[in-house]
Amino acid sequence: MAEREHVRVAVVGSGFGGLGAAVRLRREGVTDFVVLERADSVGGTWRDNSYPGCACDVPSHLYSFSFAPNPDWPRTFSGQQHIRAYLEHVTDVFRLRPHIRFNSEVQRMTWNAERLCWDIETSSGNLSADLVVSATGPLSDPKMPDIPGLDSFPGKVFHSARWDHDFDLRGKRVAMVGTGASAIQIVPSIQPEVERLTLFQRTPPWVMPRVDRAITGVERSLHRALPLTAQLRRGLLWGIRELQVQAFTKRPNELGLIEQLAKRNMGRSIKDPALRAKLTPDYRIGCKRILLSSEYYPALAQPNVDLVASGLSEVRGSTLVAADGSEAEADAIVFGTGFHVTDMPIADRVVGAEGKTLAEAWKGGMEALRGASAAGFPNWMTIIGPNTGLGNSSMILMIESQLNYMADFVKQLDVLGGRAALDARPSAVHAWNRRVQERMKRTVWNTGGCTSWYLDASGRNTTVWPGTTSEFRRATRRVDLAEYELLRAPAETDAESKNAESKNARTKDAKTKDAKSKDATSEVTA
């Protein structure tokens with residue numbers, strides 16, 4: 001029987017988190033690692049989401065790695081194609097391709113207590129790893145609602161994250177289900193070309209203008225010639241968002257002024273009082289993610305657009321029926337209904353030390369020490385784990401903080417030596433989670449009066465970080481070994497133990513003689 005391939009580190013996913021982990025491992029001198037990617041190219045969510053109008057709502061110079069600045073961003077808010085190209089560039093510049101296994105979807109990861117490693121089954125073969133870094137991301141698996149009659153719909157159906165570019169929407173009657181970040185970009189992009197667009201809105205979002213513009217050639221040249229200018233630009237963007245955090249986390253009532261600005265933004269484009277009433281949220285701004293668009297409201301005011309202020313409840317042939325009983329005909333349905341965030345599918349595929357899956361361990365809600373380590377899952381870390389999301393800034397900042405934690409985790413294993421593993425203590429995980437949840441109580445995400453994808457099935461916020469990115473950076477700077485249980489491989493046989501002791505003794509003697517020799521040489525030379 002052929003011996004299973006073994007690597008020191010297996011990284012799952014090649015989006016920002018996975019590529020960042022790969023770069024950091026190489027910079028730490030670790031080259032014995034693989035990146036397991038289920039698709040045939042890198043990019044993660046920026047590869048999968050290619051719908052019309054897809055773009056980032058975080059400024060370009062902040063939505064990039066600090067160790068890989070890009071002076072040539074073409075716009076202040078980058079489109080999907082530019083971000084994907086950036087990730088391809090990072091992959092090539094840091095020579096990551098030899099480490100990436102494309103078309104290798106992880107099917108199961110099982111902790112091997114005897115060998116202190118993870119046995120990994122993938123669609124392209126099996127391997128094992130001392131450490132697993134899961135970077136699948138929370139926005140990787142689309143969520144499709146269970147709509148009665150949907151299977152019998154005669155037209156085209158797809159999710160925004162799996163856009164069918166072969167299907168021509170021109171002249172079609174299209175239904176857009178959902179009003180999240182994807183929908184407000186899709187609606188204005190397809191409105192001019194479809195015959196009729198029906199938007200099913202369960203809850204209206206708060207929308208602010210997206211002040212986007214082309215970055216001039218002069219600016220790009222300056223950033224190339226003087227990298228410090230790009231760093232200053234990034235620092236300013238970061239600082240502004242850090243100052244905003246207090247309103248979200250401690251003083252939600254101060255967000256009332258922002259609501260007034262959002263209403264004025266709506267009023268400039270939506271003149272119909274009835275339509276304006278349907279589009280006005282009844283919850284505090286920030287409770288759901290504040291969306292940015294300067295084209296969304298103007299598109300909704302066009303004569304070929306209908307807003308149904310109710311969710312889609314049933315499909316009868318080509319007739320779509322809303323929860324309020326209204327009906328609409330459609331040739332295609334596009335679902336912008338989000339992702340499996342608090343119930344990530346990867347959790348069903350990870351089997352820990354006690355023989356239960358991560359999904360079973362997280363049945364009562366996700367929780368991980370410092371957003372990275374789950375109790376009962378030794379040498380397993382997640383990037384963008386529980387309570388590491390942001391409501392107003394760049395996730396790349398959080399990812400880089402977790403990469404610091406990962407790097408120190410690897411160093412600690414090196415210092416411990418031998419066959420060792422670190423398993424987060426349940427008491428440490430629970431203590432960390434209690435502190436996070438206590439801080440969460442007064443945030444706008446918990447008190448704003450909305451139901452968002454930040455909350456799990458029990459209504460607990462297991463997604464967002466209730467503080468600044470600086471606080472999280474400090475919290476993840478080092479691994480505290482007191483928060484972990486050290487696991488060692490089963491005891492060796494007496495013969496193996498004696499051989500090991502003898503070998504260690506010989507090595508120690510050799511090192512001592514070598515040191516004495518060097519000391520003598522030094523004295524002679526001096």
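Everything numeric here is computed off the predicted structure, so don't read it as measured data.
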*Asks:* Kindly give the heavy-atom pair with the smallest separation between Lys288 and Thr451, and that separation in Å.
*Replies:* NZ-O, 2.8 Å

*Asks:* Ignoring hydrogens, what is the shortest heavy-atom contact between Ile186 and Ser160? Give both atom names and the distance.
*Replies:* CD1-CB, 3.7 Å

*Asks:* Quick one: does any side-chain atom of Arg108 pair with a main-chain N or O of Val351 as donor and acceptor, under 3.5 Å?
*Replies:* no

*Asks:* Are the side chain of Asn379 and the backbone N or O of Leu422 linked by a donor-acceptor pair below 3.5 Å?
*Replies:* yes

*Asks:* Does the gap between the ring centers of Trp453 and Phe339 come in under 6.0 Å?
*Replies:* no

*Asks:* Do His99 and Val34 have side-chain heavy atoms sitting under 4.5 Å apart?
*Replies:* no

*Asks:* Which distance, rounded to the nearest 0.5 Å, do you find between the CG of Leu413 and the CG of Asp130?
*Replies:* 8.0 Å

*Asks:* Mind checking salt bridge (Lys or Arg N to Asp or Glu O under 4.0 Å) for Lys411 and listing every partner two or more places apart, or none if nothing turns up?
*Replies:* Glu28

*Asks:* What pairs meet the salt bridge (Lys or Arg N to Asp or Glu O under 4.0 Å) rule with one or both residues in residues 67-76, with sequence neighbours excluded?
*Replies:* Asp72-Arg224, Arg75-Asp212

*Asks:* Applying salt bridge (Lys or Arg N to Asp or Glu O under 4.0 Å), can you list everything that pairs with Arg47, at least two apart in sequence or on another chain?
*Replies:* Glu37

*Asks:* List the steps and the verdict of salt bridge (charged side-chain N to carboxylate O under 4.0 Å, His left out) for Arg284 and Glu259.
*Replies:* CA-CA 8 Å; Arg284 175 64 75 193; Glu259 287 183 8; 3.0 Å; yes

*Asks:* Sequence neighbours excluded, which residues qualify as salt bridge (Lys or Arg N to Asp or Glu O under 4.0 Å) partners of Glu483?
*Replies:* Arg370

*Asks:* Got a sec, which residues hit disulfide (SG to SG under 2.5 Å) with Cys117, two or more places apart in sequence or on another chain?
*Replies:* none

*Asks:* Would you say the side-chain atoms of Asn433 pair up with the backbone N or O of Val429, donor to acceptor, closer than 3.5 Å?
*Replies:* no

*Asks:* Write out all pairs satisfying salt bridge (Lys or Arg N to Asp or Glu O under 4.0 Å) with one or both partners inside residues 413-428, taking only residues at least two apart or from two chains.
*Replies:* Arg8-Asp414

*Asks:* Counting distance only, does the side-chain N/O of Trp465 pair as donor-acceptor with the main-chain N or O of Thr468 below 3.5 Å?
*Replies:* yes

*Asks:* Could you check Thr122 against Ser104 for side chain to side chain donor-acceptor pair (under 3.5 Å), going step by step and ending with a plain yes or no?
*Replies:* CA-CA 6 Å; Thr122 80; Ser104 298; 4.5 Å; no

*Asks:* Is the ring pair Phe94/Phe67 parallel, tilted or perpendicular, if the boundaries are 30 and 60 degrees?
*Replies:* perpendicular

*Asks:* Judged by modelled atom types alone, do Asp32 and His6 share a side-chain donor-acceptor pair under 3.5 Å?
*Replies:* no

*Asks:* Are the side chain of Asp348 and the backbone N or O of Ala359 linked by a donor-acceptor pair below 3.5 Å?
*Replies:* no

*Asks:* Check whether any side-chain heavy atom of Glu400 sits under 4.5 Å from a side-chain heavy atom of Phe65, and report yes or no.
*Replies:* yes

*Asks:* If you count heavy atoms of other groups shown closer than 6.0 angstrom to CZ of Arg95, is the number above 12?
*Replies:* no

*Asks:* Starting at CZ of Phe16, measure out to CG of Leu87 and round the result to the nearest 0.5 Å.
*Replies:* 4.0 Å

*Asks:* Residues in side chain to side chain donor-acceptor pair (under 3.5 Å) with Ser60, at least two apart?
*Replies:* Ser78

*Asks:* Counting C-beta onward and ignoring hydrogens, is there a side-chain heavy-atom pair between Val133 and Leu25 closer than 4.5 Å?
*Replies:* no

*Asks:* How about Thr76 and Pro59: do any of their side-chain heavy atoms sit closer than 4.5 Å?
*Replies:* no

*Asks:* Apply side chain to side chain contact (heavy atoms under 4.5 Å, CB included) to the pair Lys363 and Lys356, showing each step before the final yes or no.
*Replies:* CA-CA 11 Å; Lys363 191 174 182 180; Lys356 61 182 179 181; over 6 Å; no

*Asks:* Measuring centre to centre across the rings, with the benzene-like ring taken for any Trp, is Tyr63 within less than 6.0 Å of Phe77?
*Replies:* no

*Asks:* Can you tell me how far the NE2 atom of His61 sits from the CZ atom of Arg233, to the nearest 0.5 Å?
*Replies:* 4.5 Å

*Asks:* Could you work out, with side-chain contact (heavy atoms from CB on, under 4.5 Å) as the rule, every residue matching Ala85, not counting sequence neighbours?
*Replies:* none

*Asks:* Quick check for you: to the nearest 0.5 Å, what is the distance between Ile384 atom CD1 and Met344 atom CE?
*Replies:* 9.0 Å

*Asks:* Could you go through Arg241 and Ser394, starting from their C-alpha distance and side-chain angles, then the distance that decides it, and tell me whether this counts as side chain to side chain contact (heavy atoms under 4.5 Å, CB included)?
*Replies:* CA-CA 9 Å; Arg241 281 155 181 78; Ser394 173; over 6 Å; no

*Asks:* Is it the case that the side chain of Thr91 and the backbone of His89 share a donor-acceptor pair, with hydrogens and angles ignored and the cut-off at 3.5 Å?
*Replies:* no

*Asks:* Judged by modelled atom types alone, do Glu242 and Thr469 share a side-chain donor-acceptor pair under 3.5 Å?
*Replies:* yes

*Asks:* Just checking Glu354: does its CD atom have more than 12 heavy atoms from other residues, nucleotides or ligands closer to it than 6.0 angstrom?
*Replies:* no

*Asks:* Using the test salt bridge (Lys or Arg N to Asp or Glu O under 4.0 Å), find all partners of Arg213 that sit at least two apart in sequence or belong to another chain.
*Replies:* Glu219

*Asks:* Determine, step by step, whether Gln402 and Thr388 satisfy the side chain to side chain contact (heavy atoms under 4.5 Å, CB included) criterion, reporting the C-alpha distance in whole Å, the side-chain angles of both residues, the deciding distance to 0.1 Å, and the verdict.
*Replies:* CA-CA 9 Å; Gln402 291 200 287; Thr388 61; 3.8 Å; yes

*Asks:* CZ of Arg439: more than 12 outside heavy atoms within 6.0 angstrom?
*Replies:* yes

*Asks:* Okay, side chain of Ser294, backbone of Arg210: is any donor-acceptor separation there less than 3.5 Å?
*Replies:* yes

*Asks:* Examine Tyr484 together with Phe409 and report whether their ring centres are nearer than 6.0 Å.
*Replies:* yes

*Asks:* Check whether Asn126 reaches the backbone of Arg4 with its side chain - one donor and one acceptor, N or O, closer than 3.5 Å.
*Replies:* no

*Asks:* How many angstroms lie between atom CD1 of Ile83 and atom CH2 of Trp46, to the nearest 0.5 angstrom?
*Replies:* 4.0 Å

*Asks:* Determine whether a donor-acceptor pair (N or O, by modelled atom type, separation under 3.5 Å) exists between the side chain of Asp408 and the backbone of Val479.
*Replies:* yes

*Asks:* Using the side chain to side chain contact (heavy atoms under 4.5 Å, CB included) rule, take Ser41 and Glu88 through it: C-alpha gap first, then chi angles, then the decisive distance, then the call.
*Replies:* CA-CA 9 Å; Ser41 60; Glu88 292 280 0; 4.2 Å; yes

*Asks:* Can you see which heavy atom on Leu62 is nearest to which on Arg234, and at what distance?
*Replies:* O-NH1, 3.7 Å

*Asks:* Give me each pair satisfying disulfide (SG to SG under 2.5 Å) with a member in residues 373-475, each pair once, sequence neighbours excluded.
*Replies:* Cys287-Cys450

*Asks:* Got Met440 and Asn387 here, is their nearest side-chain heavy-atom distance under 4.5 Å?
*Replies:* yes

*Asks:* When rounded to the nearest 0.5 angstrom, what distance separates CG in Leu403 from CD1 in Ile383?
*Replies:* 5.0 Å

*Asks:* Distance-only criterion, 3.5 Å: show the donor-acceptor pairs between side-chain atoms of residues 134-146 and protein atoms not counting sequence neighbours.
*Replies:*
unit_1: Ser140; atom_1: OG; unit_2: Thr136; atom_2: O; d: 3.1
unit_1: Ser140; atom_1: OG; unit_2: Gly137; atom_2: O; d: 3.0
unit_1: Asp141; atom_1: OD1; unit_2: Arg38; atom_2: NH1; d: 3.2

*Asks:* Answer yes or no: is there a donor N or O on one side and an acceptor on the other, between the side chain of Thr179 and the main chain of Ile184, under 3.5 Å?
*Replies:* no

*Asks:* Taking only residues two or more places apart in sequence or in another chain, which ones pass side-chain contact (heavy atoms from CB on, under 4.5 Å) with Leu226?
*Replies:* Leu222, Thr229

*Asks:* Would you call Ser401 and Thr476 a side-chain contact if the rule is heavy atoms closer than 4.5 Å?
*Replies:* yes

